[in-house]
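One structure is given below, encoded as structure tokens.
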Amino acid sequence: MRILRWLAVLAAGLLAGLVGTLIMALVMVSARYWLGISPPPEALPDRLAPTLDIPTFFSLFDKYGGYNGLKKFGIRAGLLGLLGVGSVVGILYAAIVEWARARRPSTGRWGLDKVGIRFIAITAITMWIITLVVLAPVLDANYKGLAPTYARIASALGLVVAYLSYAIGLVLTYRFIIQPIAVPADQARPAGPAARPIDRRAVLAGAVGAALVLPIHSLMSRLYRQATFTYDGTRFPANEVQPVIPNEQFYVVTKNVVDPRVTKSFWSLEVNGHVEDAKRYEFDEIAQFTPTEVEVTLTCISNAVGDRLISNAIWTGVPMAEVLNASGINEGAMEVKVHAADGYADTFSIEKALEPTTLIAYRMNGEPLPQRHGYPARIIVPGLFGEKNAKWVTRIEVVDYDAKGFYEQQGWGPNFVVPTRSSFLQPDLRQPIAVGSPVNLKGLAFAGDRGIGSVDVSTDDGQTWTRARIDYAGSGQSWSLWSFAWRPTRMGDYPLLLRATDGDGVVQTPERRGIIAEGATGYHRVIAHVTA
Ligand SMILES: Nc1nc2c(c(=O)[nH]1)N[C@H]1C(S)=C(S)[C@@H](COP(=O)(O)O)O[C@H]1N2
Ligand SMILES: [Mo]
């Protein structure tokens, strides 16, 4: 009997804990959807990702089905974690309340037990502090674009409101379900808990909890529809060689499950750190600086030789130098650390930051930056890998030490200069070529901000080389497009090779190097099948 009564009150605690967790989940998902405040199941993976080394990071890709699979796993694990902790705390709460009640019945006002209230308050505050400490580096994220200074406050407040909503939900639900067992004064109290759940009320509480699942599910589905799963890893289309890639076809890489949706009026850009005069700019104030236009190709460090995680666009924005100089860079400044609305950060040298082509860009191919490419503003830093080109930028911090970016902490780099590469794009050489007929081979060559000097093609696996025609030279910070008229005269398999020379006269290295840790190098080699 005694054990059954214990089980009944602990089950009531579990139920109350679940209802509390669902209330908290509703608060968290609402705060995420409307205020851009990142909940722990989203923030914690972001906190952990940079602490993994590259082999672990990649083995997790294998284990969970790529970056997207890993992202989904992270969120799911976080949600289960919340449910787990919420349930356990609910059970503990019931145990403590009933242990106290058994010793001294009816200890508090409104039928609330003082020991229980103290326990839940201390637990919620402790959890809050632990979360703040653990998530400290990512608290400056705000997916609506709030500047980091305010974002940190918003994140901390969002968390405390969520945890308190759990605590209050738990306490009130438990209070609602449980009825103290009245014992006449002249009788001895039975051993074990002096309370029992009221069945009908437990069912009602369960129903309320179940009803909460609806709005949570609806908000989560809206976020899911915005998720990056459908477009992360987009490559520019292979079937067309265009000098400038239209915004909708530009390659995309993002660390996020749901990318920032910045509200322009919410957004501002902080410039601070090792400067004389820290500043914060509204969007219109950034747009008031004299704009510059630069054509720059971006490519991801994880773009394999011959792959298409690379695209070219014309970017409009203000040179970062103008904005930095307006704040006065202090003696000893070494790097800029650029922070973004998604908690992402990356760094490059102050010299690179001051080059006239390094931009705070707000237009892409003449249009406002698309949301997935960093609306309302991103960094464009020619010559360095894509990851340095932070999207949704919210803060430029000047630092006097060697700061590390999101991926750099995993062990990427330390050199992020794009090596010279070239690749075949057309025609699709999986299709056989008819012997004796002319083929126009086409492709790209890219050497970061060194520009392309020339491109050579070999149709005999590197024994002889012939200069290709440069059809589109580009800007010196962009790719060049080349073509090569070829007429194979005998049947068989031809190993085609390509070799670019950069604007400084340095020839592309043939040395094959993998993506890790400074990006792939080596010749793009494809086999042309020439048939009758
Ligand atoms: N804020 C933020 N900026 C970011 C990233 C990110 O996840 N968050 N990804 C980086 C990486 S790894 C690359 S390759 C480029 C891709 O830019 P794009 O999607 O506009 O092509 O953005 C970089 N900037
Ligand atoms: Mo990247």
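Note that these values count all heavy atoms, side chains included, but never hydrogens, waters or copies made by symmetry. Indexing begins at 1, ligand by ligand and atom by atom, following the structure's order.
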[X] heavy atoms, cut-off 4.0 Å: which ligand 1 atoms fall inside?
X    : value
N389 : 22 (O), 23 (C), 24 (N)
K255 : 7 (O)
A390 : 3 (N), 24 (N)
T254 : 7 (O)

Applying a 4.0 Å heavy-atom criterion (strictly less than), which segment of I301 is in contact with ligand 1: side chain, backbone, both, or neither?
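The answer is neither; I301 stays 4.0 Å or more away.
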Less than 6.0 angstrom separating the ring centers of Y163 and Y166, yes or no?
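Distance test on ring centres: not under 6.0 Å, no.
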What is the ring orientation for Y64 with F73, classed by angle as parallel under 30°, tilted 30 to 60°, or perpendicular over 60°?
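If you compare the ring of Y64 with that of F73, the planes turn out parallel.
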Minimum-distance protein heavy atom relative to atom 15 (C) of ligand 1:
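Closest protein heavy atom to atom 15 (C) of ligand 1: G386 O, 3.5 Å.
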Which residue owns the protein heavy atom closest to atom 17 (O) of ligand 1, what's the atom, and how far is it?
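Looking only at protein heavy atoms, the one closest to atom 17 (O) of ligand 1 is R378 NH2, 3.2 Å.
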Could you pull out, from Y251, F250, Y231, the option with a heavy atom nearest to atom 16 (C) of ligand 1?
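That would be Y251.
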Looking only at non-hydrogen atoms, which of H339, H373, E387, R372 approaches atom 12 (S) of ligand 1 most closely?
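It is E387 that holds the nearest heavy atom.
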Less than 6.0 angstrom from the centroid, inside 45 degrees of the normal: does R32 satisfy that with respect to the ring of Y143?
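Cation-pi check for R32 and Y143: passes.
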Cation-pi check, K388 to F385: give yes when NZ or CZ is under 6.0 Å from the six-membered ring centre and within 45° of the ring axis, no otherwise.
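Because its charged atom misses either the 6.0 Å distance or the 45° angle limit, K388 does not stack over F385.
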Of the options W392, Y281, F283, which is the one that meets W267 in a side chain to side chain contact (heavy atoms under 4.5 Å, CB included)?
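Between W267 and the candidates, side chain to side chain contact (heavy atoms under 4.5 Å, CB included) is satisfied uniquely by F283.
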Would D62 and S59 count as a side-chain hydrogen bond (donor to acceptor under 3.5 Å, both in side chains) if you check the C-alpha gap in whole Å, the side-chain angles of each, and the deciding distance to 0.1 Å?
CA-CA 5 Å; D62 289 344; S59 71; over 6 Å; no
